[in-house]
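Naming convention: chains lettered A, B, ... in sequence-line order (proteins, then strands); numbering from 1 in each chain. Keep in mind that the numbers below use all heavy atoms, side chains included, and drop hydrogens, waters and symmetry copies.
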There are 2 protein chains.
Amino acid sequence: MPELNKLEQIYEGKAKKVFRTENPDIYWIEYKDSATAFNGEKKAEIENKGVLNNRISALFFQYLAKQGVPSHFVELINDREMLVKSLQIIPVEVVARNIVAGSLAKRVGQPEGTPLAKPVLEFYYKDDALGDPMINEYHIAAMEWATPEQMDVIKAIALKVNEILKEFLAGLNIDLVDFKLEFGLHNGEVLLGDEISPDTCRFWDSRTREKLDKDRFRRDMGGLEEAYREILNRLEGKLKG
Amino acid sequence: MPELNKLEQIYEGKAKKVFRTENPDIYWIEYKDSATAFNGEKKAEIENKGVLNNRISALFFQYLAKQGVPSHFVELINDREMLVKSLQIIPVEVVARNIVAGSLAKRVGQPEGTPLAKPVLEFYYKDDALGDPMINEYHIAAMEWATPEQMDVIKAIALKVNEILKEFLAGLNIDLVDFKLEFGLHNGEVLLGDEISPDTCRFWDSRTREKLDKDRFRRDMGGLEEAYREILNRLEGKLKG
Ligand SMILES: Nc1ncnc2c1ncn2[C@@H]1O[C@H](COP(=O)(O)OP(=O)(O)O)[C@@H](O)[C@H]1O
Ligand SMILES: Nc1ncnc2c1ncn2[C@@H]1O[C@H](COP(=O)(O)OP(=O)(O)O)[C@@H](O)[C@H]1O
Ligand SMILES: [Mg+2]
Ligand SMILES: [Mg+2]
């Protein structure tokens, strides 16, 4: 990668900032320490969260690339920043679930922790003003948020990521309960974008069922930094070992 | 149909009562005058509503049968009652939409009346205690509410009913905005069940855009009986003419 510089900021989200570089194909992402939940209603600064999520996301994207799942990830710049391929984000958040938790527990009236007979995908319209409402593929087609062909690619990638990460994390004694993915278009191709971190996944310790993810923040349980660090340590133990 | 009698009631819902007959394949449905909205929070008795919905549903089911869409409908008994095939109801309500209205307007932030580029199907888990939450085909498969093969049949019937009724109603100067269907199993076969009436559809006069459906009750507009009678009159004008 030839020397690139962090140029003007093009977007500041709740967890990251996105900057242009000299290369229109490459964006520069900076992970913030801000934690938010319930569509931004609850907020706090958590020391080192940005560093931990940047490094955890990089490890997941690198592992997925080795297993044949390409993403926007290009390279780590430093502890808090990474270079990624520039995406035109598709405004559909894709949630994959293996175990009932969070909003699904309320929706279907089943206790948290119930295993699902098959993986469940859910789609949400990425729109903070509307509160990220749940949608389905008919809405996506009618509103032209993505084509049916793009949705077929997105669903296949989401289910593949789920299988790969579920198995990999099981080896680290982590249950992959659920996670959220975002996708975007890069030169017409659908690519996995955004982040894969304890902010966007539910991770439970397989033996103790301890929560190692953002639910600690949503539910005022404390120990968020320690939990995220535990995830990073287990990933590094395996991937650098 | 040999002489059948109304035996014990097996279910009383918000709008209808279901009774057994001597024939286990045949149920006896009585339409009530009760109107309810917002998951039963709002209630009233509307004179003749049961009569109008019974007769309107019968006409729709008969017209659909002629177009090759079978349903549970067997025959009218009298003004308020019909015989139907006994179904094991699949707990998934299927909504088909052609024009943005009601919950979809709120969900996607588009004004009521916006035409949809393609028909939209939505699925709701039929569970009053949970408030009929929106679900998708992954939930249905994982919870085993219906098999993927049954869902393929259900989606095909819902889209076909939509095309048939949209065109038929356009000839009566009625816009078919959206409607809800229920399906059930009769000897292993997926059949259209429940009712098709102004309680379960949104009908707008094509010229005046006047609402001719239950939204008049939901929104305290008055004139519910007159609107339902207008629908019945237009249907009878065409189907008996
Ligand atoms: N490769 C990429 N190219 C362009 N935008 C991206 C890329 N990856 C992620 N984004 C977007 O960057 C924004 C910032 O992330 P984040 O702070 O998580 O935002 P949000 O508050 O919307 O969750 C998000 O809108 C996300 O979709
Ligand atoms: N052919 C049928 N066989 C068995 N049950 C049916 C049939 N058609 C409709 N039902 C069910 O009859 C019940 C009564 O209808 P309704 O009063 O509309 O109930 P609800 O309050 O659940 O909307 C509903 O649960 C509906 O699913
Ligand atoms: Mg985000
Ligand atoms: Mg009903």
Considering only heavy-atom distances, could you tabulate the donor-acceptor pairs under 3.5 Å between chain B and chain A?
| residue | atom | partner | partner atom | Å |
| --- | --- | --- | --- | --- |
| Arg107(B) | NH1 | Met134(A) | O | 2.7 |
| Leu121(B) | O | Asn136(A) | ND2 | 2.8 |
| Glu122(B) | OE2 | His139(A) | NE2 | 2.7 |
| Met134(B) | O | Arg107(A) | NH1 | 2.7 |
| Asn136(B) | ND2 | Leu121(A) | O | 2.8 |
| His139(B) | NE2 | Glu122(A) | OE2 | 2.7 |

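- If you measure heavy-atom distances from Leu130(B) to chain A, the contacts under 4.5 Å come from the side chain alone.
- Counting heavy-atom pairs closer than 4.5 Å to chain A, the top residue among Leu104(B), Leu116(B), Val108(B) is Val108(B).
- With chain B as partner, the option from Ala142(A), Ala117(A), Pro119(A) having the largest number of non-hydrogen pairs under 4.5 angstrom is Ala142(A).
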